[in-house]
Number of protein chains: 2
Amino acid sequence: MTFNKDESAGYLANHLARLFARELQARIKPLGLSTGTFPALLVLWEGDGLTQRELIEHLDIEQPTMANTLTRMERDGLIQRRKDPADGRVQRIWLTDQARALEGPATAAAEAVNADALAGLEYEERVAFQATMRRIIATLQAPVGDRGIPARRRAESA
Amino acid sequence: MTFNKDESAGYLANHLARLFARELQARIKPLGLSTGTFPALLVLWEGDGLTQRELIEHLDIEQPTMANTLTRMERDGLIQRRKDPADGRVQRIWLTDQARALEGPATAAAEAVNADALAGLEYEERVAFQATMRRIIATLQAPVGDRGIPARRRAESA
DNA sequence: TAACATTGCATATCAAGCTATGCAAGTGGT
DNA sequence: ACCACTTGCATAGCTTGATATGCAATGTTA
């Protein structure tokens, strides 16, 4: 049996993510936003003043990737980095007014991408799809030894 | 209602793809392979001598991305580019013996990643998940005006 | 308190994706 | 035969992801 990419979950996930990114990029570029900054903004719109570490824990992104993204966001006038008065190592991230003003149009664009992508799916299929994605994400985030063990049972044996 | 990333199909797809890529990278790095070259190899193992254009049609990758990937693959001894005798514009892509020898271990690694990721899912859930991914991919590949229209009906009205 | 370990972030460097652009080789129409 | 168009690929330059590494600030411990 040869390996068939069109039946490989990993290949399909990669392809799907690229298509979503293309679509989102087309819709938020007019706002002056790009796909990489978007997840950080989603977290910061819920409440800013976070540290870089707090951001990466929310987003499961490596630290240097986030540092890089924040540098671009600062350059583009979306955030400011200000030193934490209590801990000299920490830089807290604050949104600019410009970034705050983009929350409405930007989240509307993202909603539109999702609606577009999922058009043609029944409600039950959408719910099941997202639930499955979350389960696989949880599996891949678990340490290798714990794979395939439901989170409940994992918690019990801790 | 605020936008919630953990209920956004696009965000979940991006996160999922990153986790798959991390996992695959860990497993094929020992073979001297990387995630970007993998899809091209999958196509070429089925039969080489393809043009760059044929490759990008198989993989839905932009042409300069593929040109770049092929340059790295040539550098790493995985492929050779040879001029097509009949058409001076065309470079045909041929696998090296080294690349041919990697088919077994590399596809085994990819199978292992998929098995790992999908462990904990029932058979029906896996099938449904992959079917849904393929449907969303088809939707996002369709021209904007045709979104939400089943492929069957789209074909009829052509 | 001096030495060591940890934490938070930055920098360097690479891969993998994209858009914009250029150019040489082929094709077609007159 | 010539001009215009198309096709195939390369290059430049950017974003978004990763690893490896360094360093300063803070914590911890003998």
Side-chain angles (χ1 to χ4, degrees), chain A residues 11 13-30 32-41 50-57 59-76 78-79 81-93, chain B residues 10-11 13-29 32-41 50-57 59-76 78-79 81-93:
Chain A
Y11 178 81
N14 171 276
H15 193 180
L16 186 60
R18 284 190 288 112
L19 291 171
F20 265 112
R22 285 182 196 170
E23 195 75 17
L24 183 63
Q25 198 241 1
R27 303 230 196 193
I28 62 180
K29 193 177 178 181
L33 294 178
S34 59
T35 57
T37 64
F38 201 84
L41 286 171
L50 302 185
T51 69
Q52 194 181 112
R53 169 136 306 272
E54 288 167 339
L55 268 176
I56 73 178
E57 274 158 13
L59 295 174
D60 194 13
I61 283 283
E62 295 299 321
Q63 176 267 321
T65 299
M66 183 56 72
N68 216 341
T69 300
L70 291 173
T71 299
R72 272 183 278 113
M73 292 174 78
E74 196 164 28
R75 178 201 65 190
D76 296 341
L78 295 169
I79 58 159
R81 294 196 245 209
R82 288 208 288 270
K83 269 191 283 234
D84 184 298
D87 187 334
R89 293 167 300 183
V90 171
Q91 299 258 54
R92 295 198 173 269
I93 313 296
Chain B
Y11 178 81
N14 171 277
H15 192 179
L16 186 59
R18 284 190 288 112
L19 291 171
F20 265 112
R22 287 181 195 169
E23 195 75 17
L24 183 62
Q25 199 242 0
R27 303 230 196 193
I28 64 180
K29 193 176 178 182
L33 294 178
S34 59
T35 57
T37 64
F38 201 85
L41 286 171
L50 302 185
T51 69
Q52 194 180 112
R53 170 136 305 272
E54 288 167 339
L55 268 175
I56 73 177
E57 274 159 13
L59 295 174
D60 194 13
I61 284 283
E62 295 300 321
Q63 176 266 320
T65 301
M66 183 55 72
N68 219 338
T69 299
L70 291 173
T71 299
R72 271 182 279 114
M73 292 175 77
E74 196 164 28
R75 178 201 65 190
D76 296 341
L78 295 170
I79 58 159
R81 294 196 246 211
R82 289 209 288 271
K83 269 193 281 242
D84 184 298
D87 186 334
R89 295 168 299 182
V90 172
Q91 299 259 56
R92 296 198 172 269
I93 314 297

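Note on naming: letters A, B, ... go to the chains in the order of the sequence lines (proteins, then strands), and numbering restarts at 1 for each one.
- Rounded to an integer number of Å, the gap from CD1 of A:Ile61 to P of D:dT15 is 16 Å.
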Only distances under 3.5 Å count here; give the side-chain donor-acceptor pairs of residues 62-69 of chain A to other protein atoms, sequence neighbours excluded, each with its distance to 0.1 Å.
residue : atom : partner : partner atom : Å
A:Gln63 : NE2  : A:Gln52 : OE1          : 3.1
A:Thr69 : OG1  : A:Thr65 : O            : 2.9
A:Thr69 : OG1  : A:Arg72 : NH2          : 3.3

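- In terms of the side-chain contact (heavy atoms from CB on, under 4.5 Å) criterion, residue partners of B:Asp87 (sequence neighbours excluded) are, by chain and number, B:Asp84, B:Arg89, B:Val90.
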Protein-nucleic acid N or O pairs under 3.5 Å, nucleotides 5-12 of chain D:
residue : atom : partner : partner atom : Å
D:dT7   : O4'  : B:Arg89 : NH1          : 3.4
D:dT7   : O2   : B:Arg89 : NH1          : 3.2
D:dG8   : OP2  : B:Arg53 : NE           : 3.0
D:dC9   : OP1  : B:Gln91 : N            : 3.1
D:dC9   : OP1  : B:Gln91 : O            : 3.3
D:dC9   : OP2  : B:Gln52 : N            : 3.4
D:dC9   : OP2  : B:Arg53 : N            : 2.9
D:dA10  : OP1  : B:Arg81 : NH1          : 3.2
D:dA10  : OP2  : B:Gln52 : NE2          : 2.7
D:dA10  : OP2  : B:Arg81 : NH1          : 3.1
D:dA10  : N7   : B:Gln63 : NE2          : 2.8
D:dA10  : N6   : B:Gln63 : OE1          : 2.9

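- Taking atom CG of residue A:Leu78 and atom P of nucleotide D:dT15, one finds them 12 Å apart after rounding to whole Å.
- Using a 4.0 Å heavy-atom criterion, one finds that A:Asp76 contacts no nucleic acid atom at all.
- Summarising the geometry, the separation between CZ on A:Arg75 and P on C:dA10 is reported as 15 Å, rounded to the nearest angstrom.
- For B:Glu57, there are no side chain to side chain donor-acceptor pair (under 3.5 Å) partners, not counting sequence neighbours.
- D:dA18 atom C1' lies 11 Å from atom CZ of B:Arg18, rounded to whole Å.
- Contact record, A:Phe20 with B:Gly10: CD2-CA, 3.6 Å, taken as the closest heavy-atom pair.
- When the side chain to side chain donor-acceptor pair (under 3.5 Å) test is applied to A:Arg81, the partners found at least two apart in sequence or on another chain are A:Thr71, A:Glu74.
- Contacts of A:Thr69 with the nucleic acid, taken as non-hydrogen atoms under 4.0 Å apart, are absent.
- For A:Met66 and D:dT19, the CE to P distance is 15 Å, given to the nearest whole Å.
- Listed by chain and residue number, B:Lys29, B:Thr35 satisfy the side-chain contact (heavy atoms from CB on, under 4.5 Å) test with B:Gln25 (two or more places apart in sequence, or in another chain).
- Across the protein-nucleic acid pair, A:Asp84 atom CG and D:dT26 atom C1' stand 12 Å apart, rounded to whole Å.
- Between the NZ atom of B:Lys29 and the P atom of C:dA15 there is a distance of 11 Å, rounded to whole Å.
- Spacing between atom CD1 of B:Ile56 and atom P of C:dC18 amounts to 10 Å, rounded to whole angstrom units.
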